[in-house]
A.B. asks: 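Following this message is one structure expressed as structure tokens.
Throughout, protein chains are lettered first and strands after them, A, B, ... in sequence-line order, and every chain is numbered starting at 1. A quick note: this is a predicted structure, and the numbers were derived from the prediction, not measured.
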Amino acid sequence: MRCSRAFIPTLKEVPADAQVASHIYMVRGGFIRRLAAGVYSLLPLGWRVIRKIEQIVREEMDATGAQELHMPSVLPAELWRETGRWDEYGPLLLRIEDRKGAAFCFGPTHEEVVVDIARREIRSYRDLPLNLYQIQGKFRDELRPRAGLLRSREFIMKDAYSFHASAEDASSEYARMYAAYQRIFRRCGLEFRVVEADPGAIGGNESHEFQVLAESGEDALVACQRCAYAANVEQAEVGAPAEPGVRGDGDLEKVKTPGTKTIEAVAGFLNVAQERLIKTMIYMADGAPVAVLVRGDRAVNEVAVKKVTGASELELAQQEQVESATGAPYGFAGPVGLAIPIYADAELEGATGAVAGANEADAHYTGVSLGRDASVRRYATLRLAESGDPCPRCEDGTFELMRGIEVGHVFNLGTKYSKPMAAAISDEAGQEHVMEMGCYGIGITRVASAAIEQNHDDDGIAWPMPIAPYEVTLLPLQMGDESVREAAESLYRELTDAGVEVLFDDRDERPGAKFKDADLIGVPLRVALGKRSVKAGEIEIKWRWEREATTAPLAGAGEAVAALVRAERRRYVERAAEVSRP
RNA sequence: CGGGGUGUAGCGCAGUCUGGUAGCGCACCUGCUUUGGGAGCAGGGUGUCGGAGGUUCAAAUCCUCUCACCCCGACCA
């Protein structure tokens, strides 16, 4: 592509509404433009990147035997009512009406549609297994879209849905998808970590997230420094503490603590460490209040609370609910004499000499011994994992905290959708039963953003070659100089003929402008030639992520550069090939 | 949904407090010079001041309503 004819509107200044690198550089580099909050146009450069990612995904999916299809984006409400998600999905669903007033939504995901297809067409176990996938735009009316394509409302996603006659078969498909995802992200040149995720109350049994490691990631992860265990903090188990976290002396005693509504204030007022306090949080579990106890310096893990209480809806109690449950104003809840069910973090088992709220205004207890003074229904790991916590899977491994961007998610669904939608097959014995399902998503547009978060510097993007908009950018530094122009033109022809994707900056711009734009756009291999180099019979070659350029003879430059490109392509394919296809 | 903030030229912003001819930088157009890291000089303004209503002789500026966008929060009793 010739820059003189290309639509690549680059910007010198940082757009006012962008804060993260991927958003800034996608806008500045002319990859995307915003149309509304969380809604973007993909300009030619951005679209090329998306298509590259799609193609990698497509090849790896097809290699597993999955088949691509396309589904509607406007979906009828009745389908969503069958699974109950018309109501459950809440404000995330963009609802629309047709001219007759019939209700539709813009598809945020397509389980309902694909199950509808499957239940109509599939009758026998002989038709299974089947894996259907789509790569298309979806819309979720996010609470807060942000950071460009990292969390947008309209986005492009690959979603695969598999159908099986048995749970065992679903499990082996899960393993195939897991491997395919590793290959896909390796081919995209991403550094990622697979983490255990929350299979949730869905009744699913397995779920993993593929997280691209980046400072700007929205998800907090913990990873064991010794073994392979990694998990979303919300999902992370924590190894058993060596000894009770709170140990102290003293008898139960009520003390006045006027106005101390926070852990910090109580600790300061009584002059004790925060870890000597018992934090009492009141939650509404399916509408009924429960108390959750953690050490004063810890945070509650709501996913864990949900699991231990078996609640399907869990939210922090409102101020009034706290008052009616504890009989005390907001800020003085404690386990002693509390009438509602109490769940405590494992770390508090055997706690003595602790400080806790007294369930009355301006008072706390000191010398609390949980076993003696309160009736705890159950001890379990209820706190959020932190850096340095013991690993639950291995001996003396500890957690390291990192941030990630979720780019893929694999899910063993069980019969969550097939059951309410009555998607059944007959088995060998002629018995009807509901199909087992799995679903497997990849955020295509998010992959592009994540790649930039991981591969950029102060000047712009440094795309991994497999997903770069072009493989080589060719910069003739003086278009006015005939020898330079002719050398560049013939090199452009040679490379293009060799199957290399070249962005040829044939604009009549000054060298500085060309270098700046090239760095911004982030094409991995830069080939520059100017009066000086042509006279010396040389070209200048520089990888985007390297500091220094090298030179190569102008004679035979086309073949030399093409060879570099082929080698670079091969690197990623080889890395992917290390993961075998089960 | 709660809190904070911003809407003025294609982009980034000043002007608003204290009402009085709409500005700056970049970009863009013309010309000349320039050409290895976003060139210099000269000339050119391309604008429903987010929208509607109101106050006033006069509104970007004051008042009311409204729309859009951004940031933080929506778990630490």
A.B. asks: Across the strands shown, which category fits Arg298(A) at heavy-atom distances under 4.0 angstrom: base, sugar-phosphate, nothing?
C.D. replies: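 Base contact.
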A.B. asks: So which pairs with a foot in residues 514-542 of chain A pass ring-ring contact (aromatic ring centres under 6.0 Å, His included), sequence neighbours left out?
C.D. replies: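 Non-adjacent pairs meeting ring-ring contact (aromatic ring centres under 6.0 Å, His included): zero.
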A.B. asks: Grab the CG-P distance between Leu293(A) and rA77(B) for me, whole Å please.
C.D. replies: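 To the nearest whole Å, that distance equals 14 Å.
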A.B. asks: Judged by each residue's nearest nucleotide on RNA chain B, which is more toward the 5′ side, Glu13(A) or Arg153(A)?
C.D. replies: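 Checking each residue's closest nucleotide, the 5'-ward one belongs to Glu13(A).
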A.B. asks: Provide the Watson-Crick or G-U wobble partner of rC49(B), both distances under 3.5 Å; none if there is no partner.
C.D. replies: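 Because no pair has both required distances under 3.5 Å, rC49(B) counts as unpaired.
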A.B. asks: In chain order, what residues pass the side chain to side chain donor-acceptor pair (under 3.5 Å) check against Asn455(A), with sequence neighbours excluded?
C.D. replies: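 Here no residue qualifies.
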A.B. asks: For the side chain of Met281(A), counting heavy atoms from C-beta on, which of rC13(B), rC69(B), rA77(B) is nearest?
C.D. replies: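 The listed nucleotide nearest to Met281(A)'s side chain is rA77(B).
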A.B. asks: In whole Å, measure the gap between the P atoms of rG45(B) and rA52(B) for me.
C.D. replies: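 So the two P atoms sit 27 Å from each other.
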A.B. asks: Output the rounded distance in Å from CG (Leu43(A)) to P (rG10(B)).
C.D. replies: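 Going from Leu43(A) (CG) to rG10(B) (P), I get 18 Å.
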A.B. asks: What distance, rounded to whole Å, do you find between the two P atoms, one in rG15(B) and one in rG7(B)?
C.D. replies: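 It comes out at 9 Å once rounded to the nearest Å.
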A.B. asks: Under 30°, 30 to 60°, or over 60°: which ring-plane class applies to His456(A) and Tyr25(A), parallel, tilted or perpendicular?
C.D. replies: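 Tilted: the ring planes of His456(A) and Tyr25(A) meet at 30° to 60°.
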A.B. asks: Under 4.0 Å from OP1 or OP2 of rC70(B): is there any side-chain N or O of Gln19(A) that close?
C.D. replies: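 No.
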A.B. asks: Searching all strands shown, indicate the nucleotide that pairs with rC41(B) (Watson-Crick or G-U wobble; both distances under 3.5 Å).
C.D. replies: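 Partner of rC41(B): rG31(B).
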A.B. asks: Return the 5'-most residue of the pair Arg146(A), His364(A) with respect to RNA chain B, ranking by each residue's nearest nucleotide.
C.D. replies: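 Of the two residues, Arg146(A) wins.
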A.B. asks: For a quick check, with a 4.0 angstrom heavy-atom cut-off, what is the B/S/- contact string for nucleotides 35-42 of chain B, read 5' to 3'?
C.D. replies: BBBBB---
A.B. asks: Give the rounded distance in Å between these two atoms: CD of Glu142(A) and P of rC1(B).
C.D. replies: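 That distance rounds to 17 Å.
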A.B. asks: Distance check, C1' atoms only: rA74(B) and rG38(B), in whole angstrom units.
C.D. replies: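 The answer is 43 Å between these two C1' atoms.
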A.B. asks: Return the pairing partner of rG73(B) with a 3.5 Å limit on both distances, Watson-Crick or G-U wobble; otherwise return none.
C.D. replies: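 Matched rG73(B) with rC1(B) under the 3.5 Å cut-off.
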A.B. asks: Sequence neighbours left out, cut at 3.5 Å: what donor-acceptor pairs do the side chains of residues 13-22 of chain A make with other protein atoms?
C.D. replies:
residue, atom, partner, partner atom, Å
Gln19(A), NE2, Asp17(A), O, 3.2
Ser22(A), OG, Glu453(A), OE2, 2.6

A.B. asks: Please report, rounded to the nearest Å, how far the P atom of rC70(B) is from the CZ atom of Arg151(A).
C.D. replies: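 Interatomic distance, CZ of Arg151(A) to P of rC70(B): 14 Å.
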A.B. asks: With a 4.0 Å cut-off, would you call Glu347(A) and Arg298(A) a salt bridge?
C.D. replies: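 So Glu347(A) pairs with Arg298(A) through a salt bridge.
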A.B. asks: Roughly how many Å apart are rC24(B) and rC62(B), using the P atom of each and rounding to a whole number?
C.D. replies: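 Taking atom P in both rC62(B) and rC24(B), they lie 23 Å apart.
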A.B. asks: If we call it a pair only when both distances are under 3.5 Å in a Watson-Crick or G-U wobble match, what pairs with rC11(B)?
C.D. replies: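 Per the H-bond distance test, rG25(B).
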A.B. asks: Side chain to side chain donor-acceptor pair (under 3.5 Å): which pairs involve residues 26-44 of chain A, sequence neighbours left out?
C.D. replies: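 Applying side chain to side chain donor-acceptor pair (under 3.5 Å) to every pair that reaches into residues 26-44 of chain A, excluding sequence neighbours, yields His23(A)-Tyr40(A).
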A.B. asks: Would you call Glu501(A) and Arg48(A) a salt bridge, using N to O less than 4.0 angstrom?
C.D. replies: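 Salt bridge between Glu501(A) and Arg48(A), a charged N being under 4.0 Å from a carboxylate O: yes.
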A.B. asks: Between rA9(B) and rU66(B), how far apart are the C1' atoms? Round to whole Å, please.
C.D. replies: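 These two C1' atoms come out 25 Å apart once rounded.
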A.B. asks: Please state how far atom CD1 in Ile8(A) lies from atom C1' in rC11(B), giving the value in whole angstrom units.
C.D. replies: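 Checked: the CD1 to C1' distance equals 18 Å.
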A.B. asks: Can you tell me the Watson-Crick or wobble partner of rU6(B), both distances under 3.5 angstrom?
C.D. replies: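 Check on rU6(B): paired to rA68(B), both distances under 3.5 Å.
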A.B. asks: Do the side chains of Glu489(A) and Arg2(A) get close enough for a salt bridge, i.e. N-O under 4.0 angstrom?
C.D. replies: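 Salt bridge flag = yes for Arg2(A) with Glu489(A).
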A.B. asks: Mind checking if Val294(A) touches a base, just sugar-phosphate, or nothing, with heavy atoms under 4.0 Å?
C.D. replies: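 No contact at all - Val294(A) keeps every heavy atom at 4.0 Å or more from the nucleic acid.
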A.B. asks: For atom C1', what is the distance between rG53(B) and rC17(B), given to the nearest Å?
C.D. replies: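 To the nearest whole Å, 24 Å.
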A.B. asks: Using both distances under 3.5 Å as the test, list the Watson-Crick or G-U wobble partner of rA60(B), or none.
C.D. replies: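 For rA60(B), the partner nucleotide comes out as none, under the 3.5 Å rule.
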A.B. asks: What integer number of Å spans the P atoms of rG25(B) and rA42(B)?
C.D. replies: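 Those two atoms are separated by 12 Å.
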A.B. asks: Taking the C1' atom of each, how far is rU48(B) from rG43(B), in whole Å?
C.D. replies: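 Those two atoms are separated by 28 Å.
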A.B. asks: Could you list the residues that satisfy side chain to side chain donor-acceptor pair (under 3.5 Å) with Thr381(A), not counting sequence neighbours?
C.D. replies: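 For Thr381(A), no residue satisfies side chain to side chain donor-acceptor pair (under 3.5 Å) once neighbours in sequence are set aside.
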A.B. asks: If you look at every strand shown and take non-hydrogen atoms under 4.0 Å, does Ala299(A) touch a base, only sugar-phosphate, or nothing?
C.D. replies: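 Ala299(A): base contact, heavy atoms under 4.0 Å.
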